[in-house]
Undergrad: 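Pasting in a structure now, in structure tokens, and then I'll have a few things to ask.
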2 protein chains.
Amino acid sequence: MTPHPFDRAMRLDHVDTGVVRGATEPAWANMVGPFGGITAAVLLRAVESHPDRIGDPLALTLNYAAPIADGEFDIALRAARTNRSNQHWVMELRQGDEVKTTATAVFGRHRDTWADIEARPPKTAAPEDLPRGDFIEAIVWAKRYDMRFTEGPIPDEGVPSGSSTTTLWARDVDQRPLDFAALAAVSDIFYPRVFLRRGGFIPAGTISLTTYFHADAAQLEAVGGDFVLGSARANGFSRGYFDQSAHLWSRDGVLLTSSHQLVYFKD
Amino acid sequence: MTPHPFDRAMRLDHVDTGVVRGATEPAWANMVGPFGGITAAVLLRAVESHPDRIGDPLALTLNYAAPIADGEFDIALRAARTNRSNQHWVMELRQGDEVKTTATAVFGRHRDTWADIEARPPKTAAPEDLPRGDFIEAIVWAKRYDMRFTEGPIPDEGVPSGSSTTTLWARDVDQRPLDFAALAAVSDIFYPRVFLRRGGFIPAGTISLTTYFHADAAQLEAVGGDFVLGSARANGFSRGYFDQSAHLWSRDGVLLTSSHQLVYFKD
């Protein structure tokens with residue numbers, strides 16, 4: 001049986017102590033290089049599959065230094081510090097001598113505590129009652145998701161919006177069950193908010209992406225291949241850069257992730 | 001003339017190519033180790049003072065791996081990638097053989113573009129019309145700021161709040177003019193949101209901190225030593241960890257930073 005395209009993109013071979021090798025997967029192509037979310041996923045997976053790893057992912061930051069070319073890449077990774085309940089990882093994705101992505105991750109053990117959610121999911125129709133949205137053909141990776149927009153779909157050219165908010169339901173198109181790496185990918189599903197504000201395609205790209213994982217493994221298992229609800233908005237646009245913040249929730253309102261990114265744009 | 005305590009904390013000596021040495025400054029002590037914001041500031045300053053640096057700070061992420069002991073520390077830093085308009089830095093703060101903090105930063109050049117602010121400042125009284133707030137004695141660094149709370153001051157023991165929001169005006173107590181490093185420090189001025197929700201002191205500490213810099217050098221210069229307005233709230237608390245997001249604005253409503261942190265807590 002052919003592996004699912006997500007699992008193909010997560011394949012990593014051991015090269016040396018602290019170095020694994022992967023390759024770009026055509027199904028996850030973006031306009032230039034791969035979808036940023038799949039790069040986040042494979043870097044997280046590199047840590048997850050390291051024999052020294054403890055606990056679950058808590059925080060992941062990627063800095064997209066240069067486009068990843070089609071083909072193989074190496075990920076160098078090391079645990080800079082291991083404490084009793086958490087672990088700090090440093091990573092670098094390279095092609096030949098060139099650094100394409102730098103990253104850090106914090107993993108840790110969960111324990112039972114008081115809990116609450118302040119970032120509540122917006123009220124929306126059920127995904128079953130919404131039509132499936134579509135992206136432009138050139139965005140290959142978007143075909144990997146079944147997205148149902150309730151607010152802020154890809155804007156028509158020349159139709160700016162006063163709000164940068166997009167809210168949508170999303171799931172893997174084949175309903176592959178969600179795991180931490182897949183969740184890291186979905187966290188980057190929101191197209192650049194400047195498209196919405198300016199009405200159409202604007203040259204833009206993520207520079208830095210940070211995801212905080214609120215869900216533990218049991219909560220992810222409960223989601224399985226179901227839709228998750230996501231909502232993203234920008235905070236500020238200024239002199240060539242803007243930032244956007246997003247949350248993902250399970251259908252029953254569990255906060256799965258908070259994520260944030262800084263994006264460059266030309267306008 | 002004795003340098004200002006902030007400038008004392010920013011002192012870095014050249015040790016080797018890509019290694020500078022600093023020291024903790026007693027005026028910035030926290031309960032365990034230094035204030036996280038001063039560590040953010042000194043790592044940013046290490047990049048700012050590197051001869052290869054281009055542009056202004058855009059994004060800074062710190063992972064607080066272990067408490068920094070009183071005394072000297074080394075910062076190893078390198079530009080992992082330099083592009084035409086931005087630059088990706090990787091840093092590590094060490095004491096002896098131990099990694100205490102890992103960090104990444106993105107610097108870049110600004111250019112004129114369309115601009116807008118969606119994260120608007122909350123409406124508040126002017127700082128002149130508010131009393132100066134105080135922290136508990138043990139938090140030495142808090143004396144470095146004149147803080148005027150309009151919402152969510154340090155809670156009284158045993159008085160939980162339904163909201164995790166704190167809004168305050170803050171400026172350097174000596175009105176030292178704001179620069180990027182000082183702005184990085186102020187971004188971490190918000191005490192852990194779990195104190196507010198649970199009503200009192202709860203063991204908690206920042207694991208990871210990300211700050212996006214919206215302001216350029218001219219906008220910071222315009223602030224000078226004046227108050228900035230800050231507002232922070234939590235997104236979710238779950239199984240030992242929570243995240244909080246904050247913004248800082250100038251008095252005339254310019255968004256200076258968006259920052260986010262993941263915090264562990266025991267409750």
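Sequence lines set the chain letters: A, B, ... in the order given, protein chains first and strands last, and positions in each chain run from 1.
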Undergrad: Let me know if Lys266(A) has heavy atoms under 4.5 Å from chain B in its side chain, its backbone, both or neither.
TA: both
Undergrad: With the side chain counted from C-beta on, respond yes when Glu118(B) and Arg193(A) share a heavy-atom pair under 4.5 Å apart, and no when they do not.
TA: no
Undergrad: Quick check: do Arg197(A) and Asp116(B) have side-chain heavy atoms less than 4.5 Å from each other?
TA: yes
Undergrad: In the structure I gave you, are the side-chain heavy atoms of Leu262(B) and Leu58(A) within less than 4.5 Å of one another anywhere?
TA: yes
Undergrad: Could you tell me the separation between the CZ atom of Arg81(A) and the CD atom of Glu98(B), rounded to the nearest 0.5 Å?
TA: 4.5 Å
Undergrad: Does any non-hydrogen side-chain atom of His88(A) lie less than 4.5 Å from one of Thr101(B)?
TA: no
Undergrad: Do the non-hydrogen side-chain atoms of His260(B) and Thr210(A) ever get within less than 4.5 Å of each other?
TA: no
Undergrad: Do the non-hydrogen side-chain atoms of Tyr264(A) and Asn86(B) ever get within less than 4.5 Å of each other?
TA: no
Undergrad: Picking from Thr82(A), Asp267(A), Asp243(A), which has the most non-hydrogen pairs under 4.5 angstrom with chain B?
TA: Asp243(A)
Undergrad: Please step through side chain to side chain donor-acceptor pair (under 3.5 Å) for the pair Thr104(B) and Thr102(A), ending with a clear verdict.
TA: CA-CA 8 Å; Thr104(B) 61; Thr102(A) 68; 5.2 Å; no
Undergrad: With chain B as the partner, which of Ala103(A), Ala66(A), Ala119(A) has the greatest number of non-hydrogen pairs under 4.5 Å?
TA: Ala119(A)
Undergrad: Nearest heavy-atom pair of Trp114(B) and Val194(A): which atoms, and what distance?
TA: CZ3-CG2, 4.3 Å
Undergrad: Give, as side chain, backbone, both or neither, the part of Arg94(B) having an atom under 4.5 angstrom from any heavy atom of chain A.
TA: neither
